[in-house]
Each structure stands twice: as structure tokens, then as C-alpha cells.
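In what follows, chains carry the letters A, B, and so on, assigned in the order in which the sequence lines appear, proteins first and then strands, with residues in each chain numbered from 1. Every value quoted in this text rests on a predicted model; they were computed, and no experiment measured them.
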Number of protein chains: 2
Amino acid sequence: MVVKLKDIADATGKSITTVSRALNDYDDVSEETKALVNKIAKELGYSPNTWAQRLQKQHTDTLGLILPTFGPRFSDPFFSELLAGIGNRAAQLGYDILVSTRAPGEEEEIAYRAAIQGKRVDGFILVRTRRQDERITLLQESDFPFVAFGRAEEKLDFPFVDEDGTHGMKVLVRHLTALGHKKIGCLAPPPELMFAHYRLQGFKESLTEAGIQESDAPILVGDLTQRGGYEQACKLLDSASPPTAIAACNDLMAFGAMSAAQERGMVVGKDISITGFDDIPMAEYSHPPLTTLHQPIYEIGGRVCEMLVKLIQGEALKERYVLLKPELLVRQSSGSV
Amino acid sequence: MVVKLKDIADATGKSITTVSRALNDYDDVSEETKALVNKIAKELGYSPNTWAQRLQKQHTDTLGLILPTFGPRFSDPFFSELLAGIGNRAAQLGYDILVSTRAPGEEEEIAYRAAIQGKRVDGFILVRTRRQDERITLLQESDFPFVAFGRAEEKLDFPFVDEDGTHGMKVLVRHLTALGHKKIGCLAPPPELMFAHYRLQGFKESLTEAGIQESDAPILVGDLTQRGGYEQACKLLDSASPPTAIAACNDLMAFGAMSAAQERGMVVGKDISITGFDDIPMAEYSHPPLTTLHQPIYEIGGRVCEMLVKLIQGEALKERYVLLKPELLVRQSSGSV
DNA sequence: ATTCTATTCCAAAACGTTTTGGAAGTCAAG
DNA sequence: CTTGACTTCCAAAACGTTTTGGAATAGAAT
């Protein structure tokens, strides 16, 4: 049998009210009674029924996170790193994480609506913002607290943490052109993703800067997986005049591109330069280690989580918009021509 | 304002009872009324308050998953793959996942107790079973539904899915000895983990089988990360008579070992053989691609999830104990001496 | 003796839903 | 015009907690 307040009340001879208030350390309960109630509660192994508590208190101490899946899964180490950051910070702050996966579309919207209306969670963490992000408008209309990892195209006002992808790609391409590369391919993410926009913008701007023609900077869209990177890289490498460098917009695709190059007998970092973006833990240990842009994914997760909790608790945010500069990590996968 | 049953009742002129029953498609409500109620409910954007529902119904449609963290994070791609499998299957079955991270110890136990007593979740998925696993006894004592990924040492009876690590390692070592290796190092997981036990057992048994002395089969314990694998592999490689093959007990450590070997100018797959266990998505794309044991992590996640849901719903399990045979994938990281 | 203040307690309402145990109405059969 | 069966509805209780708005007691001040 599950122990409830009534059981403690019966055991101590006090009322339910008193027991409740004793457990919550109200000061209209005598120290003696508190001690007694706490003792008995411990003995009986009491812990409160969460739903009853939440029904009454009108908040859940739970944060929602719906991972957008393209394809059947979300096993991108990027997400696991982010989730780790969110989860651990949330645990510290006394919050739980309710995780779901939903492909972008109607199902996804229903999931959000149900969570909001049904008061399942106190707030949402939004990841992988999209150009026209219905999630954002939905949450704003509902006046529901959320923090996004990523910006949105429309000049909507909402708190976010994001990395400066444009800046990052510029630094990266400068690194490549400094090494003498004049023909640089790009493995881009699906264009509806906001971060694709920023990274691509950086890529393009820095080409203009370096005086490289568009024709010498082929851009292929991949699905962010190794396989996608591999497939697109094959196309680049097998073209009439293949590039001497490939800038992938995430590490996973960079790994795929490395496989494609190595399969063709090329030595990555010598015969061809390949770079990534994200610096997932794997990047340091690939062979050769991957030149990439580091963004502190784990810390970002924690940061987003923290902001959301503040928002929920009605505290003011010190910074509503956080834009982090990714740091270029030059490893052995890039070299001079 | 949040829409509740009362609002629909007022709008339709029906009672709360009737509205509730109409929405739940009871057959003591006329079709007309049902249609009306559903229409109004949709118009008002109603969706039920989850806590109230759960308080009443006594179940949560939520599965609990507390990831044991050694160190501050759990960004092992293994977990993200597993979580993906669990999450997607759960979504199909109409369940949510409540994810927490907790380091093994008292905090962890408190988290379990609170979730059980507080009826937060309908059941638990247990991962990374340990030799003396207090979580199992706790859940059994509380008579709380759970399914484990992994077995336990004591002959406790509980439903689980596991891979046959002993068998896997045997197949693997046979592969290595067939290639002529006579000195094989092993990177083992922390011994309190149950899967360490099974994999190590397989390792040891197959050495006896092949007539290899213990002194020619050094076993070093690593923390399952690349870094850990790197560090321990360094010790092996820098020893007086280094092994010609290293069998790491998970892929991540194998990657670390590959870095260590490559750092020393060795060609992995030629100068030294390195193998993993798990076949995380990365394994196929490392350089060289990793010889490893494939276990269908994603599918296991789904399977565990499915079993737990059946258990919760009181259905009989077709198979209470599932033991899968990992499949040896020979890639280029292993070669003859 | 009366009033006031402080302390300690508690009955009842509230949170939003589902379920219980009928009630009311309609229709057909007797 | 009764009776029974069926359909459609609903008031009230229940789930377990917190909060509200006092009540009861004791001691101090008048």
C-alpha cells in the first residue's frame, strides 16, 4: 500500500493539514510536532503523490524537450551531448526532463499543444530552430515559457542561446584559404534549418572576401549523418574538378567525407583538407583528428536549462540573447595544398 | 485561460460528467451529444489536464529512465542510440519518457524511491546493471514494474534484454587468434558493471581455449571513454613487450586505443589490431573502420520499452529473458600479425 | 474578570478529472 | 395504464495534496 498524508495523520493523531504543513516546514507547527511527523513519515516511507501535488500547486518542475527527428532516430552525438548538459543542470535545479521525439509536422505540433494545454511541463527547450518555426509562434501565442537553442529568421523576440555560425565559418574558410585552398566544397545542412542559414552565409561571405568564384565553391546538401556526408562527398570527389578542401557543416558529415576520401586512397590533411563543425567528443579521436569549430554543447545545454528555469520562476534574465563565438580547432585533417 | 471540462459543459449546456464521457466515447452518450461536445472541445482548444487525469486514473503513461553517470556526463553515443530506440518506440505506444541522470549511490536510490512512491512513472527501464544492484532489489521490494538492459549477478528473477557478451568476446578472440595473435591486451570496463563481467569472462575463456598464458593477456580497466581507452592503451603499448592486438570492451575505448597507436606511428590493422564492442554508428566511419561486435542498440531500446509496456498493462511476456548474440563485424582495424 | 496576542492546530475547500450509482424520459409490450 | 427495457443524462464522490480561514488554548496585559 502506498503511504499518504492520511496515514501519517492517523499514526500521529494529528490532522492532515498539520501533517502537510509540518512536512513543508511551516512555522505554525510546533517543533515537537514537526519532529514527530517527520519521524513517522520516514518510518512509513512516505513521499508525496506527485500528481496530487501538481494538480494543487499548478506547476510540474518538469521541462519539456521534443527532439525533432529527421528520419527514424536522433542518435546524433550532438544531441546526446546537449541532453547531458540539460539533464545534469536540470537535476541540480530540481527539475526533470520530459523527452519526446517527433518528426517536424503535425504530430509535432499536437505534442506541443497537448503538453501546454495539459500542463505537462512548466516550459520548453527548443532545439534545431527552423526558418519558419511554427513551434515558436505556437509557444508565443500560448504565452508559454521557452528558451531556444538557435535563432529564428523572422525577427521574433524570444530568449535563446546560439553559436555564431556565420563567424565560425568565416574563421574556418580563412584558415583554409590561408593554407592555399582555392576550390572549397561545402556540405550543407538542410536549408530549412536555421543554423544552416548562418553557417552557409559565413561560408559564402568569406568566399567573396577571398575572391573565390561560386563555381569553385560547390555546395551540396546532406542530411547531417555520416552516410549523408559520405554520399555527398563522393559526388564532390568524383566530379570533373574536385575541390581541394571540403568544409562540412557538422562533424558527422565531415567523418563521412573523410571515409569517402580515404576510400579513394587520399590522405586526409595532405591530399585533401576536410573540416567539421561542432567538435563532438569523437572529433578529437578520429583519424586524422578533425579540424573543426568547437562549440561547448554540454555547457550550452546547461545554460539553456538555467535560463528556462529562471524564466519559469519569474526571475529576470541577465542575458536574454546569448551568442557564443565558436573556436577554431586546427587539427590534422586540414593542411596546405 | 486554460479550458477545462467545466467550460465545455457550460458551452454545451451539458454536465461535466456527460462531457467527460462524450470525450471518452462512452456508449451511454448519444451520437449527437458526442458530436456537439467534440466540436466545442475542438473549438475551445481543450486538452485534458494531465495531472488531474493521472491523479484519478492512477497511472501516468510515462516510463522512467535514470541514466547512471560515472563522471559528470553521459554523452556516450551508446546511450543516445539506446535512448533513441526507447523514445521512438515509447512514442508509438503512447508513452513518455522521464529521463534523469544520477550517479550511482544514495542520490540515485532516493530518485528511484521518490519516483515509485510519488507514482511519477508507471515503470522503469534499468540500464547498465551492476553486480550488486540495489536498484533491482529496491524495485522488486516495491513490486514496481521494470525491465533491465543487462543481467544481474545474483540469481534474481526479473525480465531483461541483454547481449551475450561472453559469446561475443569468444568469437572475437577466436578471430584474433586465427589471425595469428598470441599476445592480446584487453581494455576492460569498471568491474562492478555486469557487462564487464560477461565480456571479460568470454575473453578469459577463449584465451584458455587458445592456450594463451595470462601473462600474455594483460587486462587494464578503463572508464569507457575515448580518453580512458587512450590512456590505458598507452600503458599497453609502452610496456616492455606490447601486445599485437588490443580488444577493447567498447567502441569508444577502442577509438582511444587507435589514437594511441597511431600517435606512435603504427598502422592500425597492420602493425596492430584493435577491436571494439557495441558497433556504435561511428565505428563504420572511423579510420580504419573498426572491427567490432554489433549489438542492435536501437532495437534493444525498442524491445525493452515494449516489454515494459506489456508488463505495465498486465499482458504476459512472450519472452521474459532475451539474450541476443552479438555479431562479429570484421573491418579493417584487425589484421594478421 | 476581561481583552489581546501568540501559538498551535484543523475542517473544509480547492485543483480537474473519472467513476459510481442512480434518475428521467421514451417506447413497446402486456 | 402498467411494466420493463433501453437510452441518455447527471450529482456527487473520489483521487491526494495544499491553502484558506478560522478555532482553541494559554499566557500576558489591562
Side-chain angles (χ1 to χ4, degrees), chain A residues 1-38 40-41 44-62 94 113-122, chain B residues 1-38 40-41 44-62 94 113-122:
Chain A
M1 239 302 287
V2 180
V3 186
K4 52 183 99 165
L5 281 186
K6 176 135 198 340
D7 300 319
I8 304 179
D10 291 349
T12 54
K14 303 290 173 183
S15 74
I16 294 182
T17 308
T18 303
V19 171
S20 168
R21 314 207 99 207
L23 290 172
N24 290 299
D25 205 25
Y26 276 62
D27 55 7
D28 65 351
V29 179
S30 70
E31 289 305 326
E32 289 176 90
T33 310
K34 276 184 197 169
L36 175 66
V37 166
N38 280 308
I40 300 277
L44 297 179
Y46 171 80
S47 76
N49 179 310
T50 322
W51 325 321
Q53 223 167 23
R54 289 178 177 180
L55 176 58
Q56 171 66 29
K57 305 231 278 198
Q58 304 286 58
H59 58 83
T60 65
D61 297 338
T62 304
R113 279 192 196 285
I116 296 170
Q117 236 308 115
K119 301 230 184 189
R120 294 291 285 286
V121 299
D122 291 344
Chain B
M1 239 302 288
V2 179
V3 186
K4 52 182 102 168
L5 282 186
K6 175 131 200 342
D7 300 319
I8 304 179
D10 290 350
T12 55
K14 304 288 174 184
S15 74
I16 292 181
T17 308
T18 304
V19 172
S20 168
R21 314 207 98 207
L23 290 172
N24 290 300
D25 205 26
Y26 276 63
D27 54 9
D28 64 351
V29 179
S30 71
E31 289 305 325
E32 289 176 273
T33 310
K34 275 184 197 170
L36 175 66
V37 166
N38 280 307
I40 301 278
L44 297 179
Y46 172 79
S47 76
N49 179 309
T50 322
W51 325 320
Q53 226 167 18
R54 290 179 176 177
L55 177 58
Q56 171 66 29
K57 304 233 274 201
Q58 304 286 58
H59 59 84
T60 64
D61 297 338
T62 304
R113 280 191 196 284
I116 296 170
Q117 231 317 106
K119 301 228 184 191
R120 293 291 283 287
V121 299
D122 290 346

Which heavy-atom pair separates [X] from [Y] by the least distance, and what is that distance?
X: A/Thr50; Y: B/Gly118; result: OG1-O, 2.8 Å
X: B/Ala114; Y: B/Arg120; result: O-CG, 4.3 Å
X: B/Ser47; Y: A/Arg113; result: OG-O, 4.2 Å
X: A/Ala22; Y: A/Asn38; result: O-ND2, 4.5 Å
X: A/Tyr46; Y: A/Val3; result: CD1-O, 3.5 Å

ask   = Looking at DNA chain D, which of residues 27-38 of chain A put a heavy atom within less than 4.0 Å of it?
value = none
message = Does any part of the side chain of B/Leu23, heavy atoms only, come nearer than 4.5 Å to the side chain of B/Leu5, both counted from C-beta?
response = yes
key: Side chain to side chain, B/Val2 and B/Lys4, heavy atoms closer than 4.5 Å   =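 They are not in side-chain contact.
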request  = Extract, from 5' to 3' on DNA chain D, the first and final nucleotides lying under 4.0 angstrom from some heavy atom of chain B.
outcome  =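 Terminal contacting nucleotides, 5' to 3': D/dT8 to D/dG16.
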task = Quick one: pull up CG in A/Asn49 and CD in A/Gln56 and give me the separation to the nearest 0.5 Å.
result =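 CD of A/Gln56 is found 12.5 Å from CG of A/Asn49.
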query = Can you tell me how far NE2 of B/His59 sits from CD of B/Gln53, rounded to the nearest 0.5 angstrom?
reply =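 Reported to 0.5 Å precision, the distance equals 8.5 Å.
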key: Set of residues satisfying salt bridge (charged side-chain N to carboxylate O under 4.0 Å, His left out) with respect to A/Asp28, sequence neighbours excluded   = A/Arg21
key: Results of salt bridge (charged side-chain N to carboxylate O under 4.0 Å, His left out) for A/Lys34 - residues two or more places apart only   = A/Asp25, A/Glu31
request  = With a 4.0 Å heavy-atom cut-off, tell me which residues in residues 13-21 of chain B come close to DNA chain C, sorted by residue number.
outcome  =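 B/Ile16, B/Thr17, B/Ser20, B/Arg21, in order of number.
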inquiry  = If you take any heavy atom closer than 4.0 Å to DNA chain C, which residues from residues 48-56 of chain B end up in contact?
reply    = B/Pro48, B/Asn49, B/Ala52, B/Gln53, B/Gln56
request  = Determine to 10° how strongly the helix from C/dA1-D/dT30 to C/dG30-D/dC1 is bent, judged from the axes of its five-pair ends.
outcome  = 70°
task = List for me each residue that meets side chain to side chain contact (heavy atoms under 4.5 Å, CB included) alongside B/Thr60, sequence neighbours excluded, and say none if there are none.
result = A/Trp51, B/Arg54, B/Thr62, B/Asp122
For residues 8-17 of chain B, please give each side-chain donor-acceptor pair under 3.5 Å, one per line with the distance, not counting sequence neighbours.
| unit_1 | atom_1 | unit_2 | atom_2 | d |
| --- | --- | --- | --- | --- |
| B/Asp10 | OD2 | B/Lys6 | NZ | 3.1 |
| B/Thr12 | OG1 | B/Ile8 | O | 2.8 |
| B/Thr12 | OG1 | B/Ala9 | O | 3.3 |
| B/Thr12 | OG1 | B/Lys14 | N | 3.3 |
| B/Ser15 | OG | B/Thr17 | N | 3.4 |
| B/Ser15 | OG | B/Thr18 | N | 3.1 |
| B/Ser15 | OG | B/Thr18 | OG1 | 3.0 |

message = Restricting to side chain to side chain donor-acceptor pair (under 3.5 Å), what partner residues turn up for A/Ser20, sequence neighbours left out?
response =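 Side chain to side chain donor-acceptor pair (under 3.5 Å) list for A/Ser20, sorted by chain: empty.
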inquiry  = Just to verify, what does A/Asp7 make a side chain to side chain donor-acceptor pair (under 3.5 Å) with, not counting sequence neighbours?
reply    =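 So A/Asp7 forms no side chain to side chain donor-acceptor pair (under 3.5 Å) with any residue.
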